Each structure stands twice: as C-alpha cells, then as structure tokens.
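First comes the structure, then the notes that go with it.
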2 protein chains.
Amino acid sequence: MSSVAALEDAAMELFLEQGYQNTSIDEIARRAGISRATFFNYCDTKSDVLWVDVDRALASLETLLGSALSLREALHSVASAQPRERIPLVASQSEAMGLGDELAASAGVRLDRLRLIIAGSGVEHQDVWLVLGAIVGALVSWARAPSPREELVGLLDEQLQRIRGALGQHSVATLF
Amino acid sequence: MSSVAALEDAAMELFLEQGYQNTSIDEIARRAGISRATFFNYCDTKSDVLWVDVDRALASLETLLGSALSLREALHSVASAQPRERIPLVASQSEAMGLGDELAASAGVRLDRLRLIIAGSGVEHQDVWLVLGAIVGALVSWARAPSPREELVGLLDEQLQRIRGALGQHSVATLF
DNA sequence: TGAATTATTAGACTGCGTACATAAATTAGG
DNA sequence: CCTAATTTATGTACGCAGTCTAATAATTCA
C-alpha cells in the first residue's frame with residue numbers, strides 16, 4: 001500500500017473516532033507508522049489528507065487539458081474514472097469528523113483550483129462561476145446520493161445542459 | 001473610529017507593505033494600538049480581518065431572511081447598501097497582499113455561509129449551487145470592475161435572469 | 001460613590017507548518 | 001559486491017496562530 005493511502009486510512013480512522021480537531025498530525029503519523037516529519041512529505045497540511053482523491057482528480061483534469069483536450073472531454077474522462085461505489089470520505093462523512101470551518105476552508109482551495117481550470121479551458125469570463133456552480137452542484141448531489149449511485153458523467157451532463165442556454169458560444173463550444 | 005475599523009486599516013496597511021504571510025497578529029494589534037489578546041475580541045482568526053465588510057453583509061442577509069423577506073428582497077436590500085466606490089480590499093487588492101491559499105480558504109468559509117443562506121431561503125435543493133454561482137459571479141465581476149461601477153443590484157438581476165429558465169418554480173418564486 | 005458589568009491585557013499552553021541538518025534506504029554503475 | 005549518488009525518512013528547533021484562564025482597567029448603572 002502506498003504511504004499516502006496508509007496516511008488516508010489512519011487519518012480517517014482517527015477523525016471518525018476522535019474528531020478532526022482533536023486529532024494531531026503526530027497521532028496520524030504514528031498510526032500510519034511514520035514520523036511526523038514524513039507526514040509532510042505526503043501532505044502539505046493536515047486538511048490535505050482529506051482531499052487526496054479530489055486533488056488527484058484535479059491534477060488529472062489539469063493534465064488532460066494541458067494536452068489539448070476540450071473541457072468536455074477532460075471532464076468526461078476524469079468523471080468516468082471515479083468509482084460509483086467508493087467516494088472520498090470527506091464527501092460522505094464530513095459531519096462525523098467534526099470538521100467545522102476547516103471543511104469549507106479546505107474545500108474553498110479545491111473550488112478555486114477548479115475555477116482556474118474552467119477559466120483556462122475556454123469558458124468565457126462571465127460564464128465561469130455559472131459553470132463552476134453547475135459542475136459542483138452535480139458533484140455534490142452525486143456524492144450525497146445513496147448507493148447505488150448513477151454514473152457521475154450522466155449527472156454532469158444533465159446539470160450542464162440546464163445552463164447551456166445561458167452560456168456564450170465559446171463556452172458552449174468547450175462544454176458540449 | 002470603531003476598533004474593528006482600526007484593525008482593518010492597520011491590517012490592510014501591513015498586508016500591502018509586507019504581505020499577509022509576513023505580518024503577524026502582534027504587528028497588526030500593535031499598529032492598531034491594542035494588544036494581541038484584544039485582537040481576538042474583534043476577529044476570531046487572522047484572515048477574518050479581510051472579510052469584516054463581507055461578513056457584515058452576510059449577517060444582514062441572514063437577519064433580513066429571518067424576518068420573512070424573500071431572498072430577492074433581502075439580496076436587493078443588502079446589495080443596495082453597498083457603496084459603489086468603496087469595495088472590500090480583499091476583492092481589489094488580494095494579489096498585492098500575497099494571500100496565497102489563505103484567500104481561497106477564507107473565501108470558502110464565506111461561500112459556504114452564502115450557500116447555507118440560499119439553501120434556507122426556499123431555493124430548491126438542486127438549484128442551490130447554480131444560484132450560488134450566479135450570485136458570486138455577479139459579485140466578483142462587480143468587485144473587479146473599474147470605478148465608476150454600475151449598481152450591484154443591476155448586475156445581480158442580470159446574472160440571475162440568465163439562469164431563470166434552469167430553475168424550478170419554487171426557486172423562481174423566491175428569486176423573482 | 002460604590003457595585004456590577006464589560007473591555008482589555010498578560011501569560012502560559014497546544015499544535016500546525018517550516019527550515020535545516022542528519023541518517024537510512026534505494027538505485028546505479030563499475 | 002561494493003561504492004557512490006540520489007531519494008526518502010527522521011530529529012530538532014523555531015515562529016506564530018489560536019485557546020484558555022486569571023487578573024486588571026474601564027464603563028455603566030444603581
């Protein structure tokens with residue numbers, strides 16, 4: 001098992017047992033069998049351990065868009081790679097971890113990263129926040145849905161179709 | 001001058017002079033003529049000092065919605081109260097302060113607060129992120145526009161009109 | 001004026017995140 | 001197989017954010 005996965009498991013266990021605030025990086029590292037210093041070789045901050053999967057997906061998106069794919073194609077590719085049955089625990093167990101404002105704060109970093117991705121993909125300036133809202137809305141409703149979930153790709157398309165009429169032609173060209 | 005305004009001024013000066021990361025709460029408090037301990041009587045966190053005006057507006061929104069106004073009325077009221085010529089410095093000077101991820105993180109907290117407001121105002125579940133995107137898009141484009149700005153209310157109405165067709169009837173009822 | 005309430009302050013403490021130096025482990029080449 | 005180079009893991013010290021508690025000043029009010 002890769003060390004970052006071991007960190008995720010150890011952290012999630014502790015967060016669910018004791019809460020996020022009451023769990024120190026020391027404890028996470030100890031349970032994962034590494035030192036505190038090594039923790040920071042895998043995660044820059046304590047909250048990063050919640051978002052490993054999401055950050056990986058965002059990195060994929062950036063890579064795909066860097067190789068001249070359209071936003072639609074890149075989204076489709078990354079969305080298809082997400083398993084329907086196992087979603088990031090931050091999406092399903094966030095209340096149980098007692099995250100408080102750390103959830104919204106660390107989510108904000110990922111939201112901004114996605115915003116930059118959208119803005120750099122050909123979506124028009126005045127459409128970026130709308131597209132962001134549609135995509136995140138789809139992601140959230142997908143993550144919150146009970147298993148068995150439908151395919152994420154379908155939900156994404158559905159949400160984006162709803163705002164198609166509100167978008168400029170360049171935006172439509174990259175998204176449809 | 002209220003002490004929180006003095007804190008804002010002192011903090012903004014220092015952030016612009018030295019950057020956000022290189023400015024300690026001690027320095028902010030000292031320049032504002034208070035002690036570090038007192039700083040925390042006015043702001044819970046260092047980044048809160050960036051968002052005093054925004055948090056005040058959000059609190060107004062919550063108050064107005066608590067007194068049975070529709071979301072449209074509450075938004076209109078709060079938006080009309082924002083001066084066109086003076087916007088929160090976090091919106092216009094964020095790059096110069098070297099905020100880094102702290103901007104997205106602290107913005108995420110406010111975004112989530114606004115999301116909760118929208119969700120509690122009668123907007124349908126599946127429309128919340130879309131409405132949030134439209135509203136934030138309007139706010140951002142308003143804040144980024146050069147002076148003299150048009151009225152925020154107009155921009156808000158304009159952005160919301162664009163997604164009207166995508167919303168359910170309950171959402172439309174609270175927003176139009 | 002004196003009491004009660006509130007605002008301010010000092011100081012100690014936990015823990016995050018950084019910096020830097022050191023040591024172990026892995027890989028590569030001869 | 002051994003050594004050198006590189007990567008990965010670790011120890012330690014530090015600055016600073018945010019919390020807590022207790023004590024002091026300032027303000028309000030009877």
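No experiment lies behind these values; they were computed from the predicted model shown. Letters A, B, ... mirror the listed sequences (proteins, then strands); counts begin at 1.
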Practice item. Assign A/D26 to base, sugar-phosphate, or nothing according to its heavy-atom contacts below 4.0 angstrom with the strands shown. Key: nothing
Point to revise | Touch class at under 4.0 angstrom, heavy-atom based, for B/T23 against every strand present | key: sugar-phosphate
Point to revise | Lys/Arg cation over aromatic A/F176: A/R164, 6.0 Å, 45° cone | key: yes
Revision key, fill the gap. The residue, B/I34 or A/Q21, whose nearest nucleotide of DNA chain C is more 5′ is B/I34
Exercise for review: For B/E102 and C/dT18, give me the distance from atom CD to atom P, rounded to whole Å.
Suggested key: 11 Å
Study note, to complete from the structure: Judged by nearest nucleotide, the residue sitting upstream toward the 5' end of DNA chain C, A/A37 or A/I25, is A/I25
Point to revise | Nucleotide nearest A/S24 (side chain, heavy atoms from C-beta), chosen from D/dA9, C/dG15, C/dA7 | key: C/dG15
Point to revise | Side chain of B/S35 (C-beta onward), nearest among C/dG17, D/dT8, C/dT9 | key: C/dT9
Practice item. Select one nucleotide: of D/dA9, C/dT18, C/dA10, the one nearest the side-chain heavy atoms of A/Y42. Key: D/dA9
Exercise for review: In whole angstrom, give the distance that lies between atom OH of A/Y20 and atom P of D/dG18.
Suggested key: 13 Å
Review point. Under the 3.5 Å rule, do the base of C/dG17 and the side chain of A/R36 count as making a donor-acceptor pair?
Key: yes
Practice item. Measure the distance from CG on B/N41 to P on D/dA25 and round it to the nearest whole Å. Key: 17 Å
**Study point:** Exam field: side chain B/E124 to backbone B/S171, donor-acceptor pair closer than 3.5 Å
**Key:** yes
Review point. From D/dT10, D/dT19, C/dG17, pick the nucleotide closest to the side chain of B/F40?
Key: D/dT19
Practice item. May I ask you to verify if any side-chain N or O of A/T38 is less than 4.0 angstrom from the OP1 or OP2 atom of D/dA9? Key: no
Check your understanding: Taking the side chain from A/S94 and the backbone from A/A91, do they hold a donor-acceptor pair closer than 3.5 Å?
Key -> no
**Study point:** Six-ring centre of A/F40, A/K46 cation under 6.0 angstrom, axis tolerance 45°
**Key:** no
Review point. Got a second to check how far A/W129's CH2 is from B/I135's CD1, nearest 0.5 Å?
Key: 12.0 Å
Check your understanding: NA contact type, B/F39, heavy-atom cut-off 4.0 Å: base, sugar-phosphate, or nothing?
Key -> nothing
Review point. Rounded to whole angstrom units, what separation is found between the CG atom of B/L7 and the P atom of C/dT8?
Key: 10 Å
